[in-house]
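Notes for the one structure printed next.
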Amino acid sequence: MFKSHGCGELRLAHVGTDVKLAGWVHLRRDFGGVIFIVLRDRAGVVQVVVSADVSADARAAAAEVRSEYVIQVEGTVRRRPDDQVNPEWLTGEIEVEARSVQILNTSKTPPFYIYDDGAVDEALRLRYRYLDLRRARMQRNIILRHRAVQFIRQFMNAEGFLEIETPYLFKSTPEGARDYLVPSRVHPGKFYALPQSPQQLKQLLMVAGFERYYQIARCFRDEDLRGDRQPEFTQLDFEMSFVHRDDVLDVVERMFTAMVPEVTPHKRVVSPFPRLSYAEALDRYGSDKPDLRFGLELTDLTEVLSASEFRVFQEAAANRGQIKGIVAPGCAVYTRRELDELTEIAKREGARGLVTLALAPEGPKGPAVKFLTEGEISVIAEKLGATEGDLICIVAAERRVVAAALSALRLTFRDRLGLVDPDLIAFGWVLDFPMFEWNAEAERWDAAHHPFTWPRPHTYEEMIADPAAVLSDAYDLVCNGWEIASGSIRIHDPQVQSDIFRILGYDPADAKAKFGHMMEAFSYGAPPHGGMAPGIDRLLAILADEANIREVIAFPKTSQATDLMADAPAEVPDQLLRDLHIRIDNES
RNA sequence: GGGGGCGUAGUGUAGUGGUUUAACAUGUCGGCCUGUCAAGCCGAAGAUCGCGGGUUCAAAUCCCGUCGCUCCCGCCA
């Protein structure tokens, strides 16, 4: 072994110990006769003192050393004099007096600082990802991820789940995200698809009688990226037989409630997780993934303002729309410019405008004041619980737009007013999703979650009577405003499954080709089952205080889905394409 | 597919009201230095201002195009 200890693990207790260390040169301070080297390895950093008095050879070697050289040091752990303790460091009470310094490898000057987590151009970080990963922030995040995943494995194992792998080369399924395809060499013109999730396979594992399955599964979706979306991402995919909805929720709730204090002790989990119906989430927060760390809930004013003379309100009420508002505490002083920005946010979500009422000391102010009676204004303020100094924001439009606009404003105030404790982890369940969604463009019903979800009323007659009213046993877990997991109790009855396909308008022959294996499997004694799939990347981003899941993935893609380090995707030799029976059409 | 932001020594930034030898910090290289801890002091090198084209007497600066990174909308059952 090159080393007897990790650099960062040395403490006062090691004083007097002879140690062999190996790592990277973090910083170097050369005084001529004495050279300080801050040596770094995975465990952390420690100060090495190389004195000419101790070893002329060691001093000579240390003088050659530069940032990020890989060196080996042999020496003795020594207590630092009281006035030279570095309280910033875990190893700050000691130092290693070097007897020998060996250069194991040199390094070019790195393209950015390793010892500092300061901002560096994203493209440069990704091009030199292996250097970026050396930096404290990424080391911390990747190690945190390891600990979280290990916790999950131990927890799931203890709960009686079996870890089972499923294929990456599988079959494209209709709907959902665009698939990543893999051409078949053996079967010209045919393609595998990388799984968007192991959904079908885990259900088949339930049919197979494993009862409890889990997998830290890579999933692939060929859609445009966002801060919370990468083309490949990782889920804790699990499925359970002979359970009801609450049994599934219970596993996840216990797991995360135990995990957070274990891997991030400075974070506080709100427990038990609040439960909201989908309808309630939209009603109170305007979103199906509400940030539950703060209030600022939406209040419905449709009824109290239905008789208003104000045309904006009249129209909304007349068109079966809604009038809702939120209160921004202390924001009555907002300038014209700030109010315009709020209006822009509302408009971006489809609202035609935003009604603002500033409760200034001299009375209510705002462009709509002249259209409202004093009585109406006081009813609004009372309903919303607004007091002097507050800013009221009202959107009147169709339900969807009202929800989207006020939700966006709510998050804007969250950020501007600093309404959340960054160390709060606020999980919440969103339940009772609708089974179907009307797809106006295609003029048909789509599955709101996926077509394998168990509908509450499950006879064809009950469902077709009013598809919009059919709720399902689908559920989401949200955390700090992110959708963190999604799942459902599945259909295990082939009759119900074919009824769902019928309502979704699948051509029976087509459904058989796409899902025949599922239908057939269900006809061989499929147990009632359900499951869920928490997104590991998103959860880790929240725990690591990162806004982008890139920061918790060792080798992520850019927002254009490229790998700047390896330069992928890339062209391939013609022969490879010929083997795959593929010709490139440069026209399209 | 659409919209916004960014691109200037290795890195992070300033300069963007047209006329500079393109500034500052840090890093790099050399020198001094035996107790520093983002060491200090002295000295040096380092930038065709992302790329291409245009306007002009004159472009880092204005215009057009293009590339890259990023955020958002669409998309993501």
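Below, chain A is the first sequence line, B the second, and so on; all start at residue 1. Because only heavy atoms are used, hydrogens play no part in the values below, and waters and symmetry mates are left out as well, while side chains stay in. The shown structure was predicted, so the numbers you read here are calculated from the model rather than taken from an experiment.
For A:Glu122 against B:G68, a side-chain-to-base donor-acceptor contact under 3.5 Å is absent. A donor and an acceptor atom sit less than 3.5 Å apart, one in the side chain of A:Arg229 and one in the base of B:C76. The base of B:G27 is not paired with the side chain of A:Arg66 by any donor and acceptor separated by under 3.5 Å. Between the side chain of A:Tyr113 and the base of B:G10, a donor-acceptor pair under 3.5 Å is found. Residue side chain A:Arg80 reaches the base of B:C37 through a donor-acceptor N/O pair under 3.5 Å, judged by distance alone. Side-chain N/O atoms of A:Asp121 and base N/O atoms of B:G7 include no donor-acceptor pair closer than 3.5 Å.
In this structure, the side chain of A:Arg135 engages the main chain of A:Tyr113 through a donor-acceptor pair within 3.5 Å.
Only the C1' atoms considered, B:C33 is 9 Å distant from B:G40, to the nearest whole Å. One C1' atom belongs to B:U16, the other to B:A60, and the distance between them is 8 Å to the nearest Å.
Residue A:Glu88 is classed as having no contact, given no heavy-atom separation below 4.0 Å to the nucleic acid. Nucleic acid contact class of A:Arg40 (heavy atoms, under 4.0 Å, all strands): none. Using a 4.0 Å heavy-atom distance criterion, A:Asp446 is classed as making no nucleic acid contact.
For the pair A:Ala119 and A:Ala123, nearest-nucleotide mapping onto RNA chain B gives the more 5' position to A:Ala119.
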